[in-house]
Amino acid sequence: MISKKVNSVQEALSGITDDMIIMLGGFGLCGIPENSINHLVKMGVKNLTCISNNAGVDDFGLGLLLQKKQIKKMISSYVGENEEFERQMLSGELEVELIPQGTLAERCKAAQGGFPAFFTPAGYGTEVADGKETREFNGKMYVLETAFDADFAIVKAWKGDEAGNLIFRGTARNFNPCMCGAAKITIAEVEEMVPLGGLDPDCIHIPGIFVQRIFQGERYEKRIEQRTVRPAKTAL
Amino acid sequence: MISKKVNSVQEALSGITDDMIIMLGGFGLCGIPENSINHLVKMGVKNLTCISNNAGVDDFGLGLLLQKKQIKKMISSYVGENEEFERQMLSGELEVELIPQGTLAERCKAAQGGFPAFFTPAGYGTEVADGKETREFNGKMYVLETAFDADFAIVKAWKGDEAGNLIFRGTARNFNPCMCGAAKITIAEVEEMVPLGGLDPDCIHIPGIFVQRIFQGERYEKRIEQRTVRPAKTAL
Amino acid sequence: MPLDKIGIAKRIAKEVKDGYYVNLGIGIPTLVANYVPTEINVEFQSENGILGMGPFPFEGEEDPDIINAGKQTITTLPGASFFDSALSFSMIRGKHVDLTILGAMEVSEEGDIANWKIPGKMVKGMGGAMDLVASAENIIVAMMHVNKAGESKLLKKCSLPLTGVKCVKKIVTELAVLEITPHGFKLLERAPGVSVEYIKSVTEGYLEVEGLIPEMEID
Amino acid sequence: MPLDKIGIAKRIAKEVKDGYYVNLGIGIPTLVANYVPTEINVEFQSENGILGMGPFPFEGEEDPDIINAGKQTITTLPGASFFDSALSFSMIRGKHVDLTILGAMEVSEEGDIANWKIPGKMVKGMGGAMDLVASAENIIVAMMHVNKAGESKLLKKCSLPLTGVKCVKKIVTELAVLEITPHGFKLLERAPGVSVEYIKSVTEGYLEVEGLIPEMEID
């Protein structure tokens, strides 16, 4: 077994420097690598290009990096719910590239799987297709999209082992598995490190081969963006 | 919940007729839809085009359909270990299209996911690329491959529920998940139907949306092709 | 009388057929789930990675790891499954989702839709909308017939940047149910008490009116 | 004396470095697993969908659902995982597998490889070989230096249909260890007692010999 375990977020994130392209898992605030993001703030690395479906909120997630102006460019599908983001974007301080969500996921998968490019229907006839090759297959039009090329992928899983095997929980899965192995180095932070053999080989979502470093996050806030509930059940 | 459960292999395979294109899961004899193959023999449908990584052995798996000359064309990556296959191929009775294994898997995934085509490095510079578009990306050459277009996909899973959710076991997983939803109709045979809610939503390999019909196979032989063992452990 | 948002949701709920997998956009579409008759078997997919979505959780049972694409806490029903974003969009792109219901800023008589960007304003992004409209065979748009300035949002051509081309099948507004045909918007139903003439007056694109147009039945 | 198959496997085992993920082809490559020193941490991937392969099962413990790409019954080690064929080839195509060891019928001095088809004979298929050779950055070929007729299999150009182009990095035969360089085959080591002259005589492609060529160390 090849051990990927590192003992701290410091060690996990070593090698990340200014101007790099970083993929980060998560959908909204769900399944984001909280501990790594907090540490990127501490490291103070600048001019980052972040590939992430969303950009966090003002005081959580990628919003923390935005506040410190560490991000040069965001590549996302949806960036609402963030005032500082809006300010930086409108003032031109922040570059933003918006990509259809399915295309974002697949450009990660393409990088993970060694496909340089694929045709997708998403965005045909819209400004997303501007400057891209389009082609008809069986009477329908498609756009050629290419694999991402990132330096680091930082993902968050529920459980992991030292072989780098990962299991995700609920919709905190989202983009995380797609980003594993989609960058030169993949860092996974997990809520719980389990002993080797503690994960059922049939239930592993991401085999360790896609992960270079794994560590247990110190603390998870797991903030909820939209708390929607029904009235509590009452005893009969 | 939308129920996909049918009560017999007859009902499950209804609608399969001569000249159709059928995908079948399995690697060697591991994870093949045994009950469905046996029933295809009984149905006597002819001139089938079968997309399957392998072609079974003489007296098991797809070899049974070959014996009855029900297959017009095989699309596979490896077809050894089958004398009747060899005879039909050399005599010209059987058409054979050989495809790199990873390309075979991905042409299924492309069909499943609505991608008409993708670039892959496999086969560049070989006869597999003859007549296909090739293109350079970042200094390396790739071949354009297209999604399959099949009438039925028949897969074999370990456990399933009436919503069509599937879980596979060990390396019997192989091509099965890739073929789910990759044809107009997907039929899943399972070793065990479990009650709704009996599968952990985090551990489902294939969500029911990719499956149109599911049934519990009557009997599984699960023949081993190469029985390789170490001497038995002996008591101390 | 024009419908309110709940009225629109109720009318769209009638389009949901037994056995459908349905993806609901944010806003009015989300409300549709509440009005699908219980005898109709339907499963809701949310593109962030869940199939078999249930209602909101009981207070105190919210799970931050279980949300929908609107980032709302939700629950799962028996038979539900979780999956990653790539497989989620394979469901969508691969036409495994039977019905997509989403909002729009503008729709053209050819079925083009614009719902993600207003030039000069803060753009939040298209999210999954471009994948959904480029793939779904059955797209129903829930929208207001006119904007706040009283101008038609059912146009000959969209003025805003497009989300997708020639993809919308049906539109339900506070005034009418319309279908996109090769000729343009075909009026199918009108809101109770709303005249065909009025609908015509607030529809900039070509409006096809054939015979008597029935009132919508809601409830 | 030329090596036997086990000798070739033992020599190739020395190429396996700590931390490698390795894919082994059928035949001699499969034997390599037996000779990797235990202090070297390595995981074996088989393209039918397993990472972390262990030895053959004890008699009576064979599981028909757990096989390798050679269709042999195998076991798993702690930390193993199963996955589908698409993800398996994403590992291969995406260069996550560090070392691929496979057999060949012919290799050219440019690193082309032919190992799947002999025209006029029954063709069994390329299996995963074309994906492996098109992707892997580190490909070692285990092969016999000459065919049964005594003809060289290390050629200027392959005569058989190709499996992949310019991909082979290293070759271990019963006679020699060779590297593919821009100039051709570079002789690195020779089998114990086998002369450089002899190797030259059975190598049709350009053979680069620089300085003294050491004998292979095995065991």
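Chain identifiers are assigned alphabetically (A, B, ...) following the order of the sequence lines, protein sequences preceding nucleic acid strands; residue numbering begins at 1 within each chain. Side chains are part of it too, since the values below use all heavy atoms of this structure and drop only hydrogens, waters and symmetry mates.
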Do the non-hydrogen side-chain atoms of B/M141 and D/V165 ever get within less than 4.5 Å of each other?
no
Heavy-atom proximity to chain D below 4.5 Å, by part of B/F85:
side chain
Could you look at B/E106 and say if it's the side chain, the backbone, both or neither that has a heavy atom under 4.5 Å from chain D?
side chain
Region of B/L29 in contact with chain D, defined by heavy-atom distances below 4.5 Å:
neither
Give a yes or no on whether the backbone of D/G49 and the side-chain of B/T171 come within a donor-acceptor separation of less than 3.5 Å.
no
In the structure I gave you, are the side-chain heavy atoms of B/Q226 and D/I67 within less than 4.5 Å of one another anywhere?
no
Heavy-atom contact with chain B under 4.5 Å, split by part of D/F82:
both
Donor-acceptor pair, D/D131 side chain versus B/G102 backbone, under 3.5 Å?
yes
Structural part of B/E191 lying under 4.5 Å from a heavy atom of chain D
side chain
Where the side chain of B/T228 meets the backbone of D/T73, is there a donor-acceptor pair that is under 3.5 Å apart?
yes
When the 4.5 angstrom heavy-atom criterion is applied to D/A69 and chain B, the contacting part is both
Best-contacting candidate, B/V96, B/I99, B/N53, B/L104, against chain D by heavy atom pairs under 4.5 angstrom
B/I99
Portion of B/K109 that has a non-hydrogen atom of chain D nearer than 4.5 angstrom
side chain
Just so I understand: if I count every heavy-atom pair under 4.5 Å between each of B/N82, B/T126, B/N176 and chain D, which residue has the most?
B/T126
Under the side chain to side chain contact (heavy atoms under 4.5 Å, CB included) criterion, do B/L98 and D/K117 qualify, and how do the steps go?
CA-CA 11 Å; B/L98 292 168; D/K117 186 175 184 177; over 6 Å; no
At a heavy-atom separation under 4.5 Å, does B/N54 approach chain D through its side chain, its backbone, both, or neither?
side chain
